[in-house]
Amino acid sequence: MSKPSIPQGTRDFSPAVMAKRKFILNTIESVYKSFGFMPLETPAMENLQTLTGKYGTEGDQLLFKILNNGDYLKDIQLTEVDSKSLTPKIADRGLRYDLTVPLARFVVMNRHEITLPFKRYQMQPVWRADRPQKGRYREFWQCDADVLGTDSLLCEADFIRIYTSAFSQLGLKDYEIRINHRKLLEAVCELCGAGDKFKAITIIIDKADKIGNDGVAKELIAIGLSEADSQKLLSQLDRIAFTEAGLAKLEKELGHLESGVKAISDLRQLLALSPSSLNTVKLDISLARGLDYYTGCIFEVVPTSVKMGSISGGGRYDDLTGVFGMKGISGVGISFGIDRIYDVMEELKLFPESGDQFTDILFCPMDEPALLYCIQIADQLRHSGVKVEVYPTASKLKKQLDYANDKKILWAAIVGENEMRTSIVSLKNLRTGEQDTCKSGDILGFIH
RNA sequence: GUGGUCAUAGCUCAGUAGGUUAGAGCGUUGGAUUGUGGUUCCGAAGGUCGUGGGUUCGAGCCCCAUUGAUCACCCCA
């Protein structure tokens, strides 16, 4: 038999890794809950029909398709098809690509039972047949929160609060929240007399970070902008502070355009509803992610001291449920990429030391009768909420303590003939090495 | 999907100009110590050198293919 392996771009999560992942997951979940979001889970697989066409042609290629069961070639004339036209005939289902489309599908299917505004969070894996590289996996987790059914910019403001609260609880300080508004992008294109090249321009300026201003200018001219217009556009791309002064500056330049007026009015409202100190928030006109469905504010969070792509993204989409036949529902949402947050926190050593402590106290029985004695005390302690385990055999003490050290357990309760005779245990603190005896009923008070 | 780099023990790596039985540290495991660990000492296990072909008297080393990792592009969390 050949060596076992796992598919490209997937990972196992060991107990030590899971402890850290759970820390991130639990932190984000508790923040979501504190804003009134409710949990939702959807199947790993969706009907392919639900998924295709939602992520652009590029996205469709990244969908994992699931081969139909049974004799899937039964009705197929192999001579008449190529692989492209064959796929929809032999695969009816696919793995979900994100959590937003399943949400839209869920809301449309349950529209009569849902009260708007509908706030839900969802933390599950998604799959993309992308080529893996740093911070990029074929199976990874998204932690989404979305609000459907309200236009209020309080939602956007709450997401800024969620960002600051979650990252501060995780201990991540070096990050920047970037905000843009789709209409701001439109206004800028219009300003340069290139309103019709909106899509091409956003793709180019989205790359500004990578190719630099000269690169952007070159590509803009290549698609037909004049030298002057491309310079005009470039001058708008600097990230500016998200303040009234910043907005006033934008208003001066874009306030005479219809889309500019709308964008600035939205952003001004958002600013008014946002928490007061916002030095991590920047307005960034070059931010152009996921334009296929975003229609209002767009968010992205990037770590500033680690070379890594965005660790969260989101925005407002006016009509996501429209593709499933339910018009006029506005939604706004964000998504944390916990795999990347993990990588960033690992690189910056931000995980708390005690994170991988699973057990509070290990009982070390010296012989068979002691083992029976131990499990009774252990049960009592568990009722009090202590995490306790009993070493399963009466092995040599060295071996049992080695086990405790390996699992970073703080307390060892040693029990042999002597202890049993007087209903006590010997409690050893494995950090300090101190040891004392204690009545078996008083352990709880002793270890606290 | 396109292009570059890499692949030796569980992990991190040596391996000299192709030449006999492929090494180290850490980790694992047994003992020194029949109820006291994280230190020390001694011993052991563990690799058909990612996989499959080829060149050669001879390949861990050279060539081709394949798989995986990694980086860039595309795109994105």
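Note that this is a predicted model, so its numbers are computed, not measured. The sequence lines fix the lettering, A, B, ..., with proteins before strands; numbering per chain opens at 1.
Where Gly9(A) and Arg431(A) meet RNA chain B, the nucleotide closest to each residue was compared, and Arg431(A) sits on the side nearer the 5' end. Heavy-atom distances to RNA chain B give each of Ser335(A) and Leu401(A) a nearest nucleotide, and the one nearer the 5′ end belongs to Leu401(A).
Between Phe140(A) and Tyr342(A), a ring centre-to-centre spacing not shorter than 6.0 Å is recorded. Checked against the 6.0 Å centroid criterion, the rings of Phe336(A) and Tyr163(A) qualify as a close aromatic pair. Taking the ring centroids of Phe159(A) and Phe35(A), they lie at or beyond the 6.0 Å cut-off.
For Thr359(A) and Glu389(A), the side-chain atoms include at least one donor-acceptor pair closer than 3.5 Å.
Residue Asn418(A) places a side-chain atom within donor-acceptor reach of the base of G35(B), judged by atom type and a 3.5 Å distance cut-off alone. No donor-acceptor contact under 3.5 Å links the side chain of Arg131(A) to the base of C75(B).
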Distance-only donor-acceptor hits, side chain of residues 438-448 of chain A, under 3.5 Å, sequence neighbours excluded:
unit_1: His448(A); atom_1: ND1; unit_2: Leu444(A); atom_2: O; d: 3.0

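To the nearest whole angstrom, the two C1' atoms, one in C49(B) and one in A24(B), are 16 Å apart. Atom P of U55(B) sits at a distance of 26 Å from the matching atom of U8(B), rounded to the whole Å. Comparing the C1' positions of G54(B) and C76(B) gives a spacing of 41 Å, expressed to the nearest Å. G27(B) sits 12 Å from C41(B) when the P atoms are compared, rounded to a whole Å. As rounded to the nearest Å, G60(B) and A77(B) have P atoms that lie 46 Å from one another.
OP1 and OP2 of U67(B) both lie 4.0 Å or more from every side-chain N or O belonging to Gln8(A). Phosphate contact (OP1/OP2 of G30(B), side-chain N/O of Lys399(A), threshold under 4.0 Å): present.
A salt bridge links Asp339(A) to Arg21(A): one of the charged nitrogens lies within less than 4.0 Å of a carboxylate oxygen.
Judged by centroid separation below 5.5 Å and plane tilt below 30°, Phe336(A) does not stack onto the base of A77(B).
Within the 4.0 angstrom heavy-atom criterion, no nucleotide atom of any strand lies near Glu434(A).
The side chain of Arg128(A) has C76(B) as its nearest neighbour among C76(B), G1(B), A32(B). In this structure, the nucleotide among G38(B), U36(B), A77(B) sitting nearest to the side chain of Asn405(A) is G38(B). Checking G35(B), G37(B), G31(B) against the side-chain heavy atoms of Lys396(A) singles out G31(B) as nearest. With A72(B), U36(B), A77(B) as the choices, the nucleotide that has an atom nearest any side-chain atom of Ile414(A) turns out to be U36(B). Comparing atom distances between the Arg340(A) side chain and each of G35(B), C76(B), A72(B) picks out C76(B) as nearest.
For the pair Gln376(A) (side chain) and Tyr373(A) (backbone), a donor-acceptor distance under 3.5 Å is absent.
The side-chain hydrogen bond (donor to acceptor under 3.5 Å, both in side chains) analysis of residues 29-38 of chain A, with sequence neighbours excluded, yields the pairs Glu29(A)-Tyr121(A).
With pairs defined as Watson-Crick or G-U wobble and both atom distances under 3.5 Å, the stems of at least three pairs that touch RNA chain B come out as B:1-7 with B:67-73, B:10-13 with B:23-26, B:28-32 with B:40-44, B:50-54 with B:62-66.
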